[in-house]
Amino acid sequence: MKNHAATDERIMYQRRKIQSRGFAYLMLALWISVIVQQILKAPFVQYAVELFLLLAGGIYNIVANYRLGIDLWNAKERKPGGILLNAVITGGVGVTVHALISKNSDIAQLVLFFVFFVAFFFLAQALLAKIARKKQEAIIQKLEEDD
């Protein structure tokens with residue numbers, strides 16, 4: 001009976017691994033589709049659905065992991081300064097990619113984009129880290145009660 005249960009767990013693990021890879025490939029394909037359509041100067045309505053699905057899938061993945069107490073960015077070990085540094089670096093990369101793809105050279109718009117991007121990324125990452133920390137504490141407390 002134990003062997004059958006182990007086989008089922010192994011199969012479940014492999015299925016989840018395959019589905020996870022499939023999700024990653026789908027997200028990559030959506031990202032490439034959005035980038036290509038931006039380069040080809042397609043109207044936004046033509047790739048809006050792909051962009052929405054890309055963002056929704058990424059947000060779902062992040063939130064679902066944090067709700068289960070899985071800390072994707074090791075925020076427990078990092079101080080708020082590290083989170084801010086990560087937000088600034090990510091904002092710089094985001095602004096650079098945006099400027100190159102859209103060929104936007106308006107400094108005021110790029111600075112505004114950078115400030116909002118950094119603020120949003122920092123707040124989102126700090127909030128998700130707090131949620132993950134609380135969930136991890138609840139799991140540890142439950143395990144200690146069971147012992």
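Just so you know, residue 1 is the first one in the sequence shown, and it goes up from there. In this text, all values refer to a predicted model and were calculated from it rather than measured experimentally.
- Note on F52 and Y60: separate hydrophobic clusters, where clusters join Ile, Leu, Val, Met, Phe, Trp and Tyr whose side-chain heavy atoms are under 4.5 Å apart, directly or indirectly.
- Within a 6.0 Å sphere centred on CZ of F23, other residues, nucleotides and ligands contribute more than 12 heavy atoms.
- You'll find the ring centres of F44 and Y47 inside the 6.0 Å limit.
- Note that OG1 of T96 is 6.5 Å distant from CG of L100, once rounded to the nearest 0.5 Å.
- For the pair S33 (side chain) and A29 (backbone), a donor-acceptor distance under 3.5 Å is absent.
- Using modelled atom types, one side-chain atom of N65 and one backbone atom of N61 make a donor-acceptor pair closer than 3.5 Å.
- Interatomic distance, L40 CG to I35 CD1, rounded to the nearest 0.5 Å: 11.5 Å.
- When all heavy atoms of V34 and E50 are compared, the closest pair comes out as CG2-CB, 3.8 Å.
- Atom CD of Q38 is separated from atom CG of L51 by 7.5 Å, given to the nearest 0.5 angstrom.
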- [ ] Determine, step by step, whether K17 and Y13 satisfy the side-chain contact (heavy atoms from CB on, under 4.5 Å) criterion, reporting the C-alpha distance in whole Å, the side-chain angles of both residues, the deciding distance to 0.1 Å, and the verdict.
- [x] CA-CA 6 Å; K17 192 174 176 182; Y13 171 76; 4.2 Å; yes
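- One hydrophobic cluster holds both V49 and I32 under the rule that ILVMFWY side chains link at heavy-atom gaps under 4.5 Å.
- Taken together through direct or relayed side-chain contacts under 4.5 Å among Ile, Leu, Val, Met, Phe, Trp and Tyr, V97 and M27 form part of one hydrophobic cluster.
- The backbone N or O of N86 lies less than 3.5 Å from a partner atom in the side chain of T90, making a donor-acceptor pair.
- Here CG of L112 is found 10.0 Å from CG of D106. Values are rounded to the nearest 0.5 Å.
- Residues V88 and V118 share a closest heavy-atom pair of CA-CG2, 3.9 Å.
- F116 is not connected to F121 by any chain of hydrophobic side-chain contacts under 4.5 Å among Ile, Leu, Val, Met, Phe, Trp and Tyr, and they are in different clusters.
- What you find for L53 and L30 is that their closest heavy atoms are CB-CD1, 3.9 Å.
- For the pair G91 and F117, the tightest heavy-atom approach, listed with the atom from each and the gap, is CA-CD2, 3.2 Å.
- Hydrophobic clustering (side-chain heavy atoms under 4.5 Å, transitive across Ile, Leu, Val, Met, Phe, Trp, Tyr) keeps F120 apart from I89.
- Heavy-atom minimum distance, V95 versus F113: CG2-CD2, 3.3 Å.
- Note that CZ of R15 and CG of D8 are 9.0 Å apart. Values are rounded to the nearest 0.5 Å.
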